[in-house]
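Structure, as structure tokens:
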Amino acid sequence: MRIFTYKRLREFWGGHPDAKHPLLAWYKEAENADWDTPAAVKSRYPNASVIKNNRIVFNIKGNDYRLVVHINYPYRSVYVRFLGTHAEYDRVDAEEV
């Protein structure tokens, strides 16, 4: 998969250093993945939430943080749309970010 907005991940762990290693692990795994459907994502990440508009919500660092991505399955592209704490996640519409 091709992942866009790596900078957003880096900026986030700058303020949340405990998220660095879990985000890097997710990034490397996603980069090597070949997700062609939401089911392919769920088979690797059963706790991920599939929501509307080709969005997936991942729990990061034992569910301390939420990562929302948009996946363009035909092009194997992942776009980071949101990354934050649970409180921040509760204030956004994950289907629209």
Side-chain angles (χ1 to χ4, degrees):
M1 303 296 288
R2 186 167 180 201
I3 303 169
F4 292 91
T5 58
Y6 176 78
K7 180 181 177 184
R8 185 178 279 178
L9 302 179
R10 205 173 56 240
E11 289 172 350
F12 185 79
W13 76 57
H16 303 274
D18 60 331
K20 181 177 182 177
H21 293 293
L23 284 170
L24 281 173
W26 175 87
Y27 181 87
K28 288 177 184 179
E29 200 164 317
E31 188 175 46
N32 292 315
D34 185 22
W35 296 325
D36 58 348
T37 63
V41 178
K42 288 288 284 182
S43 72
R44 173 58 190 100
Y45 292 97
N47 291 328
S49 299
V50 177
I51 58 177
K52 291 180 185 176
N53 297 329
N54 290 329
R55 304 272 200 287
I56 305 284
V57 181
F58 293 95
N59 297 316
I60 302 295
K61 194 189 164 272
N63 210 18
D64 286 351
Y65 304 108
R66 293 281 176 99
L67 170 65
V68 179
V69 302
H70 173 268
I71 300 179
N72 183 322
Y73 296 100
Y75 290 98
R76 303 301 198 269
S77 299
V78 178
Y79 300 87
V80 175
R81 305 302 299 163
F82 171 84
L83 177 57
T85 65
H86 276 273
E88 293 166 335
Y89 174 81
D90 289 341
R91 293 191 299 263
V92 300
D93 181 353
E95 295 174 0
E96 297 298 325
V97 292

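Because the structure is a prediction, the values reported are computed rather than measured.
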Checklist entry - Linking I/L/V/M/F/W/Y whenever their side-chain heavy atoms sit closer than 4.5 Å, directly or via other members, would Leu67 and Tyr6 fall into one cluster? => result yes
Checklist entry - Do any pairs count as a salt bridge (charged side-chain N to carboxylate O under 4.0 Å, His left out) and have a residue in residues 17-28, sequence neighbours left out, and if so which ones? => result Asp18-Lys61
Item to check | Side chains of Trp13 and Ile60 in contact at under 4.5 Å (non-hydrogen atoms) | outcome: no
Checklist entry - Do the side chains of Val41 and Val50 get nearer than 4.5 Å, heavy atoms only? => result no
Checklist entry - How would you list, by chain and number, every residue that makes a salt bridge (charged side-chain N to carboxylate O under 4.0 Å, His left out) with Glu88, sequence neighbours excluded? => result none
Checklist entry - Which pairs, with at least one residue in residues 70-81 and sequence neighbours excluded, count as a side-chain hydrogen bond (donor to acceptor under 3.5 Å, both in side chains)? => result Asp34-Arg76
Checklist entry - With ILVMFWY side chains joined below 4.5 Å, transitively, what does Val97's cluster contain besides itself? => result Ile51, Val57, Val68, Phe82, Tyr89, Val92
Item to check | Enclosure of His86 NE2 (heavy-atom neighbours >12, cutoff 6.0 Å) | outcome: yes
Checklist entry - Is the closest side-chain heavy-atom distance between Met1 and Ile71 below 4.5 Å? => result yes
Next on the checklist: Is there a side chain to side chain contact (heavy atoms under 4.5 Å, CB included) between Val78 and Trp35? Walk through the geometry before answering.
Outcome noted: CA-CA 10 Å; Val78 178; Trp35 296 325; 4.3 Å; yes
Next on the checklist: According to salt bridge (charged side-chain N to carboxylate O under 4.0 Å, His left out), who are the partners of Arg44, at least two apart in sequence or on a separate chain?
Outcome noted: Glu29
Checklist entry - Mind checking what makes side chain to side chain donor-acceptor pair (under 3.5 Å) contact with Asp90, not counting sequence neighbours? => result none
Next on the checklist: Please say yes or no: joined through hydrophobic side-chain contacts below 4.5 Å, possibly via intermediate residues, are Val80 and Phe4 part of one cluster?
Outcome noted: no
Checklist entry - OH of Tyr65 to CG of Leu23: how many Å apart, nearest 0.5 Å? => result 9.0 Å
Next on the checklist: I'd like to check the side chain to side chain contact (heavy atoms under 4.5 Å, CB included) partners of Glu31; sequence neighbours left out, ordered by chain and number.
Outcome noted: Ile3, Tyr27
Item to check | Results of side chain to side chain contact (heavy atoms under 4.5 Å, CB included) for Ala39 - residues two or more places apart only | outcome: Thr37
Item to check | Minimal non-hydrogen separation, Phe12 against Ala19, with atom names | outcome: CE2-CB, 3.9 Å
Next on the checklist: Any non-hydrogen side-chain atom of Glu11 less than 4.5 Å from a side-chain atom of Leu83?
Outcome noted: no
Checklist entry - Rounded to the nearest 0.5 Å, how far apart are CZ of Arg55 and CG of Asp93? => result 9.0 Å
Checklist entry - Tell me, which pairs form a salt bridge (charged side-chain N to carboxylate O under 4.0 Å, His left out) where one or both residues lie in residues 65-74, sequence neighbours left out? => result none
Checklist entry - Considering residues at least two apart in sequence or located in another chain, which fulfil the side chain to side chain contact (heavy atoms under 4.5 Å, CB included) criterion with Lys52? => result Glu95
